[in-house]
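To find a chain, count down the sequence lines: A is the first, B the second, and so on, and within it residues start at 1.
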2 protein chains.
Amino acid sequence: MVDVTDLTLIEQQTLLGIMRLHPNAYGVSIRDEIKLRTDKEYSFGSIYAILERLEDRGMIESRVGEATGSRGGRKKLYFTITGAGERALQASLNAMDAMRAGLKLKGAFA
Amino acid sequence: MVDVTDLTLIEQQTLLGIMRLHPNAYGVSIRDEIKLRTDKEYSFGSIYAILERLEDRGMIESRVGEATGSRGGRKKLYFTITGAGERALQASLNAMDAMRAGLKLKGAFA
DNA sequence: GACGATTTCTTCTAAATATACGAATAAATG
DNA sequence: CATTTATTCGTATATTTAGAAGAAATCGTC
């Protein structure tokens with residue numbers, strides 16, 4: 001193991017969230033998106049730790065956003081997925097799909 | 001968080017492996033099945049630790065197998081997934097599917 | 001237009017959990 | 001008893017957790 005392209009579940013979800021929200025993915029919105037779709041509420045500590053780690057590994061890039069104009073709010077740190085991130089995500093999803101293939105599960109796919 | 005029904009990626013893969021191999025799922029065969037399908041080679045330590053944890057949480061059950069008849073070999077510990085395990089697995093997979101839904105990815109599903 | 005209140009977003013810290021490896025151990029057969 | 005297959009163990013590393021603290025922006029009021 002110890003393969004930088006390996007992704008944990010929450011890393012997969014974070015990458016998917018970033019893609020879904022593009023170009024409006026930042027810490028809080030990513031957390032909200034995951035909560036909305038999976039009903040799982042990660043702490044800020046978790047989300048930001050994962051974002052930092054994914055960026056260190058070259059899976060995502062960040063840029064500091066402009067002032068929003070709306071009440072309050074520190075500047076957002078926007079994230080986008082990189083080519084390497086997309087490839088790693090895809091490989092991870094394919095691996096899961098290979099494990100699922102042909103099994104009778106009531107899930108959406110399968 | 002801290003929800004016993006939450007599953008990590010490797011836990012999902014292990015449960016899927018157990019279902020696929022039924023009724024011949026035991027430590028070594030599960031590891032081999034995951035390696036075969038995902039090309040990921042987990043150590044024995046990882047696999048058995050996960051099996052123990054899943055059993056503690058009521059997701060799988062084990063029974064000691066009979067002697068095999070073939071050369072060598074300690075008795076196998078066979079695993080089967082429980083109803084709770086299937087439900088947790090399904091919930092996890094549904095959550096991932098919800099994150100993936102509608103995104104254009106070259107993966108098998110999507 | 002300065003000030004503090006308010007809002008939104010990010011960072012930090014320490015502890016709990018999970019994963020990784022592979023050597024050691026156990027149990028079966030020829 | 002040598003060989004084979006399977007499981008357990010010990011220890012190191014990495015990830016995740018939770019929420020309080022901190023930073024940065026706007027609003028309302030004077």
Side-chain angles (χ1 to χ4, degrees), chain A residues 1-15 17-18 21 24-35 38 40-57 59-60 62-79 92, chain B residues 1-15 17-18 21 24-35 38 40-57 59-60 62-79 92:
Chain A
M1 294 322 174
V2 190
D3 178 344
V4 288
T5 71
D6 277 349
L7 297 174
T8 66
L9 190 74
I10 186 176
E11 286 171 348
Q12 290 182 5
Q13 291 177 336
T14 300
L15 289 176
I18 289 172
L21 294 165
N24 296 111
Y26 63 99
V28 172
S29 69
I30 293 166
R31 176 173 179 266
D32 289 347
E33 177 76 6
I34 294 176
K35 160 72 172 168
T38 73
K40 213 165 272 317
E41 190 165 298
Y42 291 108
S43 66
F44 292 115
S46 299
I47 293 290
Y48 285 102
I50 283 145
L51 288 170
E52 182 179 341
R53 193 145 35 80
L54 286 176
E55 186 163 24
D56 286 347
R57 289 194 281 167
M59 307 263 167
I60 58 178
S62 62
R63 72 185 163 78
V64 178
E66 298 307 315
T68 301
S70 61
R71 176 64 187 284
R74 180 174 171 172
K75 271 178 185 163
K76 300 168 175 57
L77 236 190
Y78 289 104
F79 293 91
S92 291
Chain B
M1 295 320 182
V2 188
D3 178 342
V4 289
T5 70
D6 277 348
L7 298 174
T8 65
L9 189 74
I10 186 175
E11 286 171 349
Q12 290 182 5
Q13 292 177 335
T14 300
L15 289 176
I18 289 173
L21 294 165
N24 296 112
Y26 63 100
V28 173
S29 71
I30 293 166
R31 176 172 179 268
D32 289 347
E33 177 75 8
I34 294 175
K35 159 73 172 166
T38 73
K40 215 164 269 317
E41 190 164 299
Y42 291 108
S43 66
F44 292 116
S46 299
I47 292 289
Y48 285 101
I50 283 145
L51 288 169
E52 183 180 340
R53 194 147 33 83
L54 287 175
E55 186 163 24
D56 286 346
R57 289 193 282 169
M59 307 263 168
I60 58 178
S62 64
R63 73 186 163 74
V64 177
E66 299 308 315
T68 301
S70 62
R71 176 66 188 282
R74 178 175 173 172
K75 272 179 186 161
K76 299 168 176 56
L77 236 190
Y78 288 104
F79 293 92
S92 292

| request: Starting at CE of A:M59, measure out to OG1 of A:T5 and round the result to the nearest 0.5 Å. | output: 6.0 Å

| Separation between CD of B:E33 and CD1 of B:I18, rounded to the nearest 0.5 Å |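 Atom-to-atom, B:E33:CD and B:I18:CD1 are 11.5 Å apart.
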
| message | When you measure only distances, ignoring hydrogens and angles, does the side chain of B:S43 come within 3.5 Å of the base of C:dA20 through a donor and an acceptor? | response | no

Are any of [X]'s side-chain N or O atoms less than 4.0 Å away from OP1 or OP2 of [N]?
X: B:K76; N: D:dA6; value: yes
X: A:Y26; N: C:dC9; value: yes
X: B:T8; N: C:dA18; value: no
X: B:R53; N: C:dT19; value: yes

Distance check needed: [N] [atom2] versus [X] [atom1], whole Å only.
X: B:F44; N: C:dA26; atom1: CZ; atom2: P; result: 18 Å
X: A:E41; N: D:dA18; atom1: CD; atom2: P; result: 9 Å
X: A:I47; N: C:dC9; atom1: CD1; atom2: P; result: 14 Å
X: B:K40; N: C:dA20; atom1: NZ; atom2: C1'; result: 13 Å
X: B:L51; N: D:dA6; atom1: CG; atom2: P; result: 14 Å
X: B:I10; N: D:dT16; atom1: CD1; atom2: P; result: 13 Å
X: A:I50; N: C:dA18; atom1: CD1; atom2: C1'; result: 13 Å
X: A:L7; N: D:dT16; atom1: CG; atom2: C1'; result: 16 Å

| Under 4.0 angstrom, heavy atoms only, what part of the nucleic acid is B:G27 near: base, sugar-phosphate, or nothing? |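 Result for B:G27 = sugar-phosphate.
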
| Which comes earlier along DNA chain C counting from the 5' end, the contact point of B:R57 or that of A:Y48, where each point is its nearest nucleotide? |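 The 5'-side residue here is A:Y48.
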
| message | If you assign A:K75 and A:S46 each to the DNA chain D nucleotide with the nearest heavy atom, which residue ends up on the more 5' nucleotide? | response |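 Nearer the 5' end of the strand: A:S46.
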
Nearest heavy-atom pair of [X] and [Y]: which atoms, and what distance?
X: B:F44; Y: B:V28; value: CE2-CG2, 4.1 Å
X: B:L51; Y: B:T14; value: CD2-CG2, 3.7 Å
X: B:S43; Y: B:S46; value: OG-OG, 3.0 Å

| message | Nearest to the A:R74 side chain among C:dA20, C:dT10, C:dT19, which nucleotide is it? | response |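 Of all the options, the side chain of A:R74 is nearest to C:dT10.
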
| request: In sequence, state the C-alpha distance, the side-chain angles, and the governing distance for B:T38 and B:Q13, and then conclude on side-chain hydrogen bond (donor to acceptor under 3.5 Å, both in side chains). | output: CA-CA 9 Å; B:T38 73; B:Q13 292 177 335; 4.8 Å; no

| query | For B:L7 and B:S92, what are the C-alpha separation, side-chain angles and deciding distance, and is it a side-chain contact (heavy atoms from CB on, under 4.5 Å)? | reply | CA-CA 7 Å; B:L7 298 174; B:S92 292; 3.5 Å; yes

Report each atom pair, protein N/O against N/O of nucleotides 2-6 of chain C, whose distance is under 3.5 angstrom.
from, atom 1, to, atom 2, distance (Å)
C:dT6, O4', A:R71, NH2, 3.2
C:dT6, O2, A:R71, NH2, 3.2

